[in-house]
2 protein chains.
Amino acid sequence: MALNEIMRPALAASHFRAACSNCDLRELCLPIDLTDDEMQRLEMLSHHKSNFPAGGYLYRSGDHFKSLYAIRSGSFKTRILHDDGREQVTGFLMAGEIIGLDAISTDTHTCEAVAMEASEVCELPFAKLEALSREIPSLQRHLYKIMSHEIVRDQGIMLLLGSMRAEERLAAFLLNLSQRNAVHGMPPTRFTLRMSRLEIGSYLGMKLETVSRTLSHFQEEGLIRVKARAIEILALSRLREVMEKP
Amino acid sequence: MALNEIMRPALAASHFRAACSNCDLRELCLPIDLTDDEMQRLEMLSHHKSNFPAGGYLYRSGDHFKSLYAIRSGSFKTRILHDDGREQVTGFLMAGEIIGLDAISTDTHTCEAVAMEASEVCELPFAKLEALSREIPSLQRHLYKIMSHEIVRDQGIMLLLGSMRAEERLAAFLLNLSQRNAVHGMPPTRFTLRMSRLEIGSYLGMKLETVSRTLSHFQEEGLIRVKARAIEILALSRLREVMEKP
DNA sequence: CGTAAACTTGAACGCACTCAAATGGTGTGG
DNA sequence: CCACACCATTTGAGTGCGTTCAAGTTTACG
């Protein structure tokens, strides 16, 4: 497994933008190939929720499962909460990605999704999606692939959390963001973090101070430039080396 | 999220034992409700591979994806390999569980599955399974649920790796094994580990020495009794407390 | 423009790692 | 059935990475 595939690979963000009344759902998370007629049927079952506020909950842990959501614009974080107060950020999701897959298993959301900025989502009622996927084989296959893709992504993060050091984790994280930002038309070496050091730390299994220190260290090494949440990658290839050296 | 749900919950092992010519597939991983006729059709598409040898590969990383596998007896570990030699065990799978879900995404296996003892599996050709699931709604729903369940499990392990200490991780691991063993008719407080300290360490993100030391420590505390790979849990509730105290 | 939150940096600590050696367990061939 | 070899496991001692605690500084936002 190539190291640049460890975290959510570029295709996660680039393909699949499924049907929804106001979204181009033709590229929802993975490539989907539907006829115009099929596309229209997919669009008919979706609702559009616009102007989702920053900090707002898309759903909470324990909520009854009804729909998947396709992020049309903005970004979300998902997290699971512990009884004892600890929390773990399990993902940062960007436009074009699908959110809510965890809830299918038990018909209850096991994590919660919070908007990190003003965002728009398409609601995809799962019962309808399921029924339609029975009639459109390529849609069914697509749903299976999206879910499998999420499994691969999560296992990549298990590798990261289980066997990488702090520097390697952060390098992997930055490179992953770089890839995913590039997909949205932004330059791969300049982007703005949507999340705090605390959230990055929770995601990567380290403390916020360690995140901050490691970013500073990368800057001293000339690998990146950090200015608050603005990141500029100065040496992509050397950053990859950081990640690949045990 | 309750702490005893963090790792693969009991239902993962208890329910779903899907159709396969020689297996009772009626309970494959999650409850499945099919008519006799539907069951027969599910069984018709499956092959039975018996006598899978210990240490043998069910599939390797990079193999072309063709089938899912239902474990009929025995157990497997799945792991992802790094370019630089590091490996991460991503799961220990027991009878009744489904293996190979990661490969649907790209039609290529991203991890490898190795038998930890002599095992039997049912092969479920995915193309046929997919087609049949279009005709049997409850089978389709079942497949979605199994995949979602794997996502929930993986995210539980992310929580474990990202925010728990060594003692807590190992306590969670033992309690999870206890649950899953109970499901197979074995007493919940006495079971045999199928995996080495090295493999446990890889799975839990710690070194084998730390696994060993922590087991010894639990024994000194009177929580468990360890004799090589034989484990006896002496104080289930106190072991849960270990896991729940930050 | 002022306040609170986010971030950076420093210093000391501690958990888990590394290195190393001894012990125990397992399987195989004599 | 035992002896040997090999691998798995345990245990010890010392180290280091990341944490904790504690300022000080910058940024975001009303």
Side-chain angles (χ1 to χ4, degrees), chain A residues 53-56 77 85-86 88-89 114-118 160-174 192-221 224-231 242-243 245-246, chain B residues 53-55 77 85-86 88-89 114 116-118 160-174 192-221 224-231 242-243 245-246:
Chain A
K77 66 173 174 180
R86 276 180 284 192
Q88 172 77 32
V89 172
V114 185
M116 296 196 294
E117 61 190 310
L160 180 142
L161 292 173
S163 63
M164 289 178 135
R165 294 175 309 104
E167 279 194 1
E168 301 173 294
R169 295 181 197 185
L170 198 56
F173 177 70
L174 292 174
T192 301
L193 300 174
R194 290 280 134 73
M195 66 294 283
S196 70
R197 305 287 192 264
L198 183 70
E199 290 166 333
I200 296 173
S202 172
Y203 185 58
L204 298 178
M206 51 210 251
K207 295 295 160 188
L208 71 92
E209 293 95 328
T210 308
V211 174
S212 176
R213 253 184 268 273
T214 309
L215 285 173
S216 299
H217 181 235
F218 283 168
Q219 184 163 238
E220 284 161 23
E221 298 276 315
I224 62 174
R225 189 173 300 155
V226 191
K227 172 83 172 171
R229 295 194 180 182
I231 300 284
V242 168
M243 195 176 62
K245 298 224 174 114
Chain B
K77 66 172 175 180
R86 276 179 285 191
Q88 172 76 31
V89 172
V114 185
M116 295 196 295
E117 61 191 310
L160 180 140
L161 292 172
S163 63
M164 289 179 137
R165 294 175 309 104
E167 279 195 1
E168 301 173 293
R169 294 181 198 186
L170 198 56
F173 177 69
L174 292 174
T192 303
L193 300 175
R194 290 280 133 72
M195 65 296 283
S196 69
R197 305 288 192 264
L198 183 69
E199 291 165 333
I200 296 172
S202 173
Y203 184 58
L204 298 179
M206 52 210 250
K207 296 296 160 186
L208 71 93
E209 294 95 329
T210 308
V211 174
S212 177
R213 251 184 268 272
T214 308
L215 285 173
S216 299
H217 182 234
F218 283 168
Q219 185 164 236
E220 285 161 22
E221 298 276 317
I224 62 173
R225 188 174 301 155
V226 191
K227 172 85 170 168
R229 295 195 181 181
I231 299 284
V242 168
M243 195 177 60
K245 298 223 174 116

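Throughout, a chain's letter reflects where its sequence line sits, starting with A, and its residues are numbered from 1.
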Base, sugar-phosphate, or nothing for A:G205, non-hydrogen atoms under 4.0 angstrom?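 Here A:G205 touches the backbone only, sparing every base.
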
Rounding to an integer number of Å, can you tell me how far [X] [atom1] sits from [N] [atom2]?
| X | N | atom1 | atom2 | answer |
| --- | --- | --- | --- | --- |
| B:L204 | C:dC15 | CG | C1' | 16 Å |
| B:E167 | C:dC15 | CD | P | 9 Å |
| A:L161 | D:dC17 | CG | C1' | 16 Å |
| B:K207 | D:dT15 | NZ | P | 20 Å |
| A:R194 | D:dT27 | CZ | P | 18 Å |
| B:L193 | C:dG25 | CG | C1' | 15 Å |
| A:R169 | D:dT19 | CZ | C1' | 13 Å |
| B:R165 | D:dG18 | CZ | C1' | 15 Å |

Look for any protein N or O under 3.5 Å of an N or O in nucleotides 4-10 of chain D and output each such pair with its distance, or none.
residue : atom : partner : partner atom : Å
D:dT9   : OP1  : B:R229  : NE           : 3.0
D:dT9   : OP1  : B:R229  : NH2          : 3.4
D:dT9   : OP2  : B:R197  : N            : 2.9
D:dT10  : OP1  : B:R197  : NH2          : 3.0
D:dT10  : OP2  : B:R197  : NE           : 2.9
D:dT10  : OP2  : B:S212  : OG           : 2.6
D:dT10  : O5'  : B:S212  : OG           : 3.1

Would you say B:T210 places a side-chain N or O within less than 4.0 Å of OP1 or OP2 belonging to C:dC17?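 Checking B:T210 against C:dC17: at least one side-chain N or O falls below 4.0 Å of OP1 or OP2.
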
Answer yes or no: does a side-chain N or O of A:K227 lie under 4.0 Å from OP1 or OP2 of C:dC7?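 No, because none of the side-chain N or O atoms of A:K227 sits under 4.0 Å from OP1 or OP2 of C:dC7.
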
Any chance you could measure [X], atom [atom1], to [Y], atom [atom2], to the nearest 0.5 Å?
| X | Y | atom1 | atom2 | result |
| --- | --- | --- | --- | --- |
| B:I231 | B:L193 | CD1 | CG | 4.5 Å |
| A:E167 | A:L215 | CD | CG | 11.0 Å |
| B:T192 | B:R229 | OG1 | CZ | 10.0 Å |
| B:L208 | B:S202 | CG | OG | 11.0 Å |
| B:F173 | B:M206 | CZ | CE | 10.0 Å |

Please list, chain by chain and in numerical order, all residues satisfying side chain to side chain donor-acceptor pair (under 3.5 Å) with B:R194, sequence neighbours excluded.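 Expected list: B:E117.
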
Side-chain contact, heavy-atom cut-off 4.5 Å: B:R197 with B:E209?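 The answer is no, as the side chains (C-beta and beyond) never meet within the 4.5 Å cut-off.
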
Taking the side chain as everything from C-beta on, heavy atoms only, tell me whether B:L170 gets closer than 4.5 Å to B:I200.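 B:L170 reaches B:I200 side chain to side chain.
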
Between the axis at one end of the helix from C:dC1-D:dG30 to C:dG30-D:dC1 and the axis at the other (five pairs apiece), what's the angle to 10 degrees?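 What I find for the helix from C:dC1-D:dG30 to C:dG30-D:dC1 is an axis angle of 50°.
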
CZ of B:R225: more than 12 outside heavy atoms within 6.0 angstrom?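 Counting other residues, nucleotides and ligands, CZ of B:R225 stays at 12 neighbours or fewer.
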
